Amino acid sequence: MRNVISPFVGAPIVGFLLICACAPLAQCEQRVEVLTDGWRFAPGPQERGAATDLADAGWQTVQIPHDWAISGKPDPQLDAATGKLPWRGEGWYRRKVKISAEDSTRRVYLLFDGVMSEAKVYVNGEEAGGWDYGYNSFWVDATQFIKFGEENVIAVHADTTKHRSRWYPGAGLYRKVSLYVCEAIHAEHWGTHVSSEVSDSGEATISVRSEIRNHLTTPQDISAELVLLGPDEQGAIAGPVTESKTIPAQGAVVVEQEFKLKEFEAWGVESPTLYSVRLRVMQEDRELDQTVTPFGVRKVEFTPKYGLYLNGKRLELRGVNLHHDQGPLGAAFYPRAMQRQLEIMKDMGVNAIRTSHNAPAPELLEMCDRMGLLVIDELFDKWDDTADLHDQKQFEPFMRRNIGNFVRRDRNHPCVIVWSVGNEIGAILGAKDERAKAKVDFVAEQFRQHDNSRPLLMACHMLQVLETQTLDSMDILGWNYRRQYLPSHERFPKMSHIYTESASALSTRGFYKLPLPKNKTDFAYDERQVDSYDHNAAKWADIPDVEFARMQADRFCSGEFVWTGFDYLGEPTPYDHNWDDGKRPAEDQARSSYFGIVDLCGMPKDRYYLYRSHWAPASTTIHILPHWNWSGRDGEPTPVYVYTNGDEAELLLNGKSLGRQKKTEGKPEPDADSDELMGYYRLRWADVPYEPGELTAVAYLKGKEIGSATMRTAGDPEQLRLTPDRKQLAADGLDLCYVQIEVVDAAGVLCPHADATIKISVSGPAEAVGIANGDPTSMNPFVGDSCPLFHGKAMVVLRSKPGSKGVVKVTASSDGLESASASFAVGE
Ligand code: GAL
């Protein structure tokens, strides 16, 4: 059977238009259409934005996902914390949708994966629905406003003027929009709940709870047929089980069914086996609806003493926090951009993601299901500030609504192992009164009402909360920074702990400043960059090595989530408004973060290899830093570090050995102030007298050579080099190719100081949708055809044109340099 899935059960939507071809009794015409193109957009207030007769031909033609602010000009005077981009404002989207007369007895829904923010949805001029929280998914029942057999005008108003954020939020229809047409009796949206339990004897019980709705004005007899499908479309492995019910007029029923599996493949990080449940809603021999819900069978146990056990084995969470933006693409959610982020993180040894601090795009969870990545699914940042909850009197209905959608959408994903109810909610954690506890209890109850199978966590930062009972209804305490989970563990030894934010280390890709920083907060203020020898962190945080040592020592803690995997737009600590008592003028503040292990374009910083050495010990990593172009420093002592999964290395400069260094053996004391600690994780040659040429590191593990790496001094910049990350793109108008641009010398060695401006031209069925270089201070627009290089590199992102086929040729040129071209194919 083909993989056609109702969009309302949090499952993948494949392709552009899906017709339910339910064999052989099929009569249902359940239809999902992802509304990608054909939209018009106008910024600012539009008095008649929703009117059917509005002449919108002069509006911009846009494609969804669309973030109206990312193409805006970065403005040095704008807020650094949110990326100096013009995201604050309002905008209108309009699209025509033809609904056939044959659908007149059916229901028509619009599903929005996320609209930033305060969405109001109009159908043929009438307000049909909306949503107040910019990161949540919601649906609108458009049926009563639809003119069947005619063209209908959908208009969406997005308004970010009240939205508060500590990072770049994006603006508009930044995630996909789907149209869903189904019978008047159908499986409820997000109404299927599959949960599994594994007994001590190893038998799995799969419980399926399906809600089925009847919109007709008379009671209806239906039967619900459930089949368990094996992995990889193997077909039915259990069932069918069928249950008959009468659904009251304009009401709903719940059908509960169960399967037992004596043998099964568990879902885990190494083998993420997915089963699925197929539900068919039948009336006599007519199929009214069909949904397929993927799920996994796994045993997740958080223990207060020894951390997390997955399928009976202790697993240390090696996680990263990811904000929702995609660097030069802004908040616009492209599945390929997400997939690439996860691939880069996984290659580094990451096994878990925290969706800081909001409901992610649903595709993120589908990818993590398939890739075996565990997820802390987080719904909110601060309830009293950045959660779009503007009126605290509305606390309960707001929470009820938003938690309902979030949990119902995401609860079937095996990758989700924890629900996070929020991050660093000062108003709760610092409060001493009963009201804070009552709020947390209420929120917990809402989560548990829709899913009782996963633990609840709040990410904390204020130890005062330990003197209260405020977090009694949480199952796990998340702690951010400075090993704060330790006093929490002492105070609440029966609770489990996760280090929800660790490190907050800072660096700029390719930037080195000598002498080395003495303290973690010695920054290169004049350049507005942070040195990349990995000695720097925010004042409330620590370098990676310190956190590694803590995780080795504190086995009761389930693992760490580094702040952050990728650099993100906004929060450019330490070059922002609140560092140094707010003295730095706006135009001197940067625009994107320095926290990322990789830069804003996904190009690894040195730190990437430090993590990879420790987190992916089975992969060979041998990385030398810094670059070896230090003209003017001849003979001067220059520190050289090697990050490797080996335990020892020999360094050679122009063929002459500089000796071997060995990692310190044993278990380090997690002393944040000790320089010795680094010796357990990195190899260092403190005083290499600089001489141009070739530095080679030969690495060893337990005495056996595992490989070598070389860093060469580059000659003058000669030519450009382009490296596309893919050879073939789907012609769906969403698929992406990231093309890395570099300047190299005549021998092909990267020129680490090259900063020439590059111009891009593209021919064939793709267009450039983003260009950037990873410089957190750059004010170069993200949408355009030129960009200065930053430490020799930049990245252009190309998007395929829908329905096209052919070869795309990208050419990069710059005055005085030899141009370069690269190609990839679009379509079959
Ligand atoms: C944390 C916060 C994150 C981010 C981080 C920077 O306190 O939860 O959102 O601001 O600090 O270090």
Side-chain angles (χ1 to χ4, degrees), residues 79-83 134-135 163-170 319-325 331 353-360 376-388 418 420-430 457-465 476-485 488 497-508 520-521 523 530 534 536-544 546-547 560-580 582 589-597 600 605 607 672 776:
D79 182 23
T82 57
Y135 291 100
H163 183 77
R164 291 175 60 85
S165 191
R166 301 189 295 114
W167 53 87
Y168 174 73
V320 286
N321 283 277
L322 290 180
H323 261 317
H324 76 310
D325 78 68
I353 305 291
R354 174 177 174 227
T355 66
S356 51
H357 301 296
N358 325 97
I376 296 183
D377 202 4
E378 183 157 270
L379 179 52
F380 295 117
D381 189 37
K382 303 169 193 311
W383 298 345
D384 54 337
D385 188 15
T386 47
D388 279 342
V418 175
S420 167
V421 306
N423 176 60
E424 293 192 354
I425 311 163
I428 294 289
L429 299 172
L457 162 151
M458 184 183 285
C460 310
H461 64 314
M462 294 163 80
L463 289 170
Q464 296 93 300
V465 75
I476 300 179
L477 296 179
W479 281 97
N480 295 352
Y481 306 114
R482 290 194 304 261
R483 211 186 185 185
Q484 294 206 95
Y485 55 77
S488 175
H497 285 81
I498 297 180
Y499 203 7
T500 31
E501 279 177 44
S502 64
S504 266
L506 298 158
S507 61
T508 301
K520 67 182 179 188
T521 52
F523 301 115
V530 182
D534 297 324
N536 286 115
K539 50 191 159 204
W540 53 86
D542 293 292
I543 59 170
V546 174
E547 309 294 23
E560 64 168 311
F561 286 79
V562 177
W563 191 267
T564 48
F566 270 62
D567 269 336
Y568 52 95
L569 295 166
E571 213 182 18
T573 307
Y575 306 111
D576 63 3
H577 59 295
N578 55 20
W579 199 272
D580 287 338
Q589 295 169 15
R591 164 223 65 190
S592 52
S593 79
Y594 299 76
F595 291 119
I597 299 172
L600 197 66
K605 301 181 185 174
R607 247 190 294 156

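Everything numeric here is computed off the predicted structure, so don't read it as measured data. All ligand and atom numbering here is 1-based and tracks the order in the structure.
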Handout entry: Any residue meeting ring-ring contact (aromatic ring centres under 6.0 Å, His included) with Phe566, in chain and number order, not counting sequence neighbours
Key = none

Handout entry: Centroid separation Trp383 to His357 less than 6.0 Å
Key = no

Fill in the blank from the handout: Sequence neighbours excluded, the answer for ring-ring contact (aromatic ring centres under 6.0 Å, His included) partners of Tyr499 is Tyr485

Practice task
Apply side chain to side chain contact (heavy atoms under 4.5 Å, CB included) to Val562 and Glu547, showing your working.
Solution key: CA-CA 9 Å; Val562 177; Glu547 309 294 23; over 6 Å; no

Practice task
Please tell me if the side chains of Glu378 and Asn423 come closer than 4.5 Å, counting only heavy atoms from C-beta onward.
Solution key: yes

Handout entry: Partner set under salt bridge (Lys or Arg N to Asp or Glu O under 4.0 Å) for Asp388, not counting sequence neighbours
Key = none

Practice task
Non-hydrogen atoms closer than 4.0 Å to ligand 1: which protein residues do they belong to? List them by chain and number, please.
Solution key: Arg166, His357, Asn423, Glu424, Asn480, Tyr481, Glu501, Ser504, Trp540, Trp563, Glu571, Phe595

